[in-house]
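Every heavy atom of this structure was used, including side-chain atoms; hydrogens, water molecules and symmetry mates were not. Just so you know, residue 1 is the first one in the sequence shown, and it goes up from there.
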Amino acid sequence: VNHRRAAGGTRTRRPARSRAVGTSTAFPDGGVIPMHNAFRGDNKSPAFEFHWSNGNDPAEAPAALQSYAVVLHDVENSSARGTTDTLHWTAFNIPGTAKGLAEGLGEGTLPDGTVNGPGLNASRGNTPAYFGPGAGVGPYHHYVFEFYALDTKLDLPATATRDDLMKAMEGHVIGKAAYVGRFHATE
């Protein structure tokens, strides 16, 4: 319930809080990720737009916004017989002024300060970069793009681990959104 007690015991409605929203024209939320954006295809990161809303109404980004981070993981895979899913890609220190991410984001640290961080490419000894969905033939795997709006820039190297990234963001998240895609190879 979005109420609080005012002086004298009457209830008042709290002001709506802006929430982060991520959208893409590459595929619909919950839809099939195109081969163009898959590791088995062109391996191009999809374009995303960042929005803010109060309910159904557009809103301004919070004044405290300093940067964004994105985490892409395959929630169907687990690593080393454990509970950790497969991390495909991360990027952080995306400027807070950014309105989204362009398709085919470059690798390493980009001119605007965006850092490609931990993910499958980096874990294989390559320059940190987008590593798209790669599920084989069979049931769809679900890939989640998580977007974090932060009140700080992160002081982390591209070689940081997933745990390092998550710990650095703790206490600084002022908005979060998720966008889900499905993928499997057809042959």
Among the clusters formed by ILVMFWY side chains lying less than 4.5 Å apart, do [X] and [Y] turn up in the same one?
{"X": "Ile33", "Y": "Val144", "result": "no"}
{"X": "Phe48", "Y": "Leu72", "result": "yes"}
{"X": "Phe27", "Y": "Val70", "result": "yes"}
{"X": "Leu110", "Y": "Leu101", "result": "yes"}
{"X": "Phe92", "Y": "Val173", "result": "yes"}

Hey, is the main chain of [Y] close enough, under 3.5 Å, to the side chain of [X] for a donor-acceptor pair?
{"X": "Asp112", "Y": "Thr114", "result": "yes"}
{"X": "Asn116", "Y": "Ala91", "result": "no"}
{"X": "Glu76", "Y": "His142", "result": "yes"}
{"X": "Asp151", "Y": "Leu65", "result": "no"}
{"X": "Ser24", "Y": "Ala26", "result": "yes"}
{"X": "Asp85", "Y": "Asn77", "result": "no"}
{"X": "Arg19", "Y": "Ser53", "result": "no"}
{"X": "Asp74", "Y": "His88", "result": "no"}
{"X": "Ser45", "Y": "Leu105", "result": "yes"}
{"X": "Tyr179", "Y": "Asp29", "result": "yes"}

May I ask you to check whether over 12 heavy atoms, not counting those of Phe39, lie within 6.0 Å of atom CZ?
-> no
Supply the atom-to-atom distance [X] [atom1] to [Y] [atom2], rounded to the nearest 0.5 angstrom.
{"X": "Thr152", "Y": "Leu154", "atom1": "OG1", "atom2": "CG", "value": "6.5 Å"}
{"X": "Ser67", "Y": "Tyr148", "atom1": "OG", "atom2": "OH", "value": "13.0 Å"}
{"X": "Trp52", "Y": "Ser18", "atom1": "CH2", "atom2": "OG", "value": "7.0 Å"}
{"X": "Ile94", "Y": "Lys153", "atom1": "CD1", "atom2": "NZ", "value": "11.0 Å"}
{"X": "Asp164", "Y": "Thr159", "atom1": "CG", "atom2": "OG1", "value": "8.5 Å"}
{"X": "Thr161", "Y": "Met166", "atom1": "OG1", "atom2": "CE", "value": "11.0 Å"}

Using only heavy-atom distances, determine whether the side chains of Gln66 and His172 contain a donor-acceptor pair under 3.5 Å.
-> no
Would you say the side chains of His51 and Glu49 form a donor-acceptor pair under 3.5 Å?
-> yes
Taking the six-membered ring where the residue is Trp, are the ring centres of [X] and [Y] under 6.0 Å apart?
{"X": "Phe183", "Y": "His141", "value": "no"}
{"X": "Trp89", "Y": "Tyr130", "value": "yes"}
{"X": "Phe50", "Y": "Tyr68", "value": "yes"}

Take Asp42 and Asn37 through the test side chain to side chain contact (heavy atoms under 4.5 Å, CB included) and record every step on the way to the result.
-> CA-CA 6 Å; Asp42 298 327; Asn37 303 115; over 6 Å; no
Nearest heavy atoms of [X] and [Y], plus distance in Å:
{"X": "Asn43", "Y": "Gly132", "answer": "OD1-N, 2.8 Å"}
{"X": "Pro128", "Y": "Ala158", "answer": "CG-CB, 4.0 Å"}
{"X": "Ala69", "Y": "Met169", "answer": "CB-SD, 3.8 Å"}
{"X": "Pro118", "Y": "Thr90", "answer": "O-OG1, 2.7 Å"}
{"X": "Val32", "Y": "Tyr140", "answer": "CG2-OH, 3.7 Å"}

Would you sort out whether His73 and Val75 count as a side chain to side chain contact (heavy atoms under 4.5 Å, CB included), showing the intermediate values?
-> CA-CA 6 Å; His73 53 113; Val75 297; 3.5 Å; yes
Any side-chain heavy-atom pair from Val21 and Thr23 closer than 4.5 angstrom?
-> yes
State, with a plain yes or no, whether a side-chain heavy atom of Val115 is found less than 4.5 Å away from one of Leu156.
-> no
List the steps, then state whether side chain to side chain contact (heavy atoms under 4.5 Å, CB included) holds for Thr84 with Arg162.
-> CA-CA 11 Å; Thr84 303; Arg162 180 186 203 171; 3.6 Å; yes
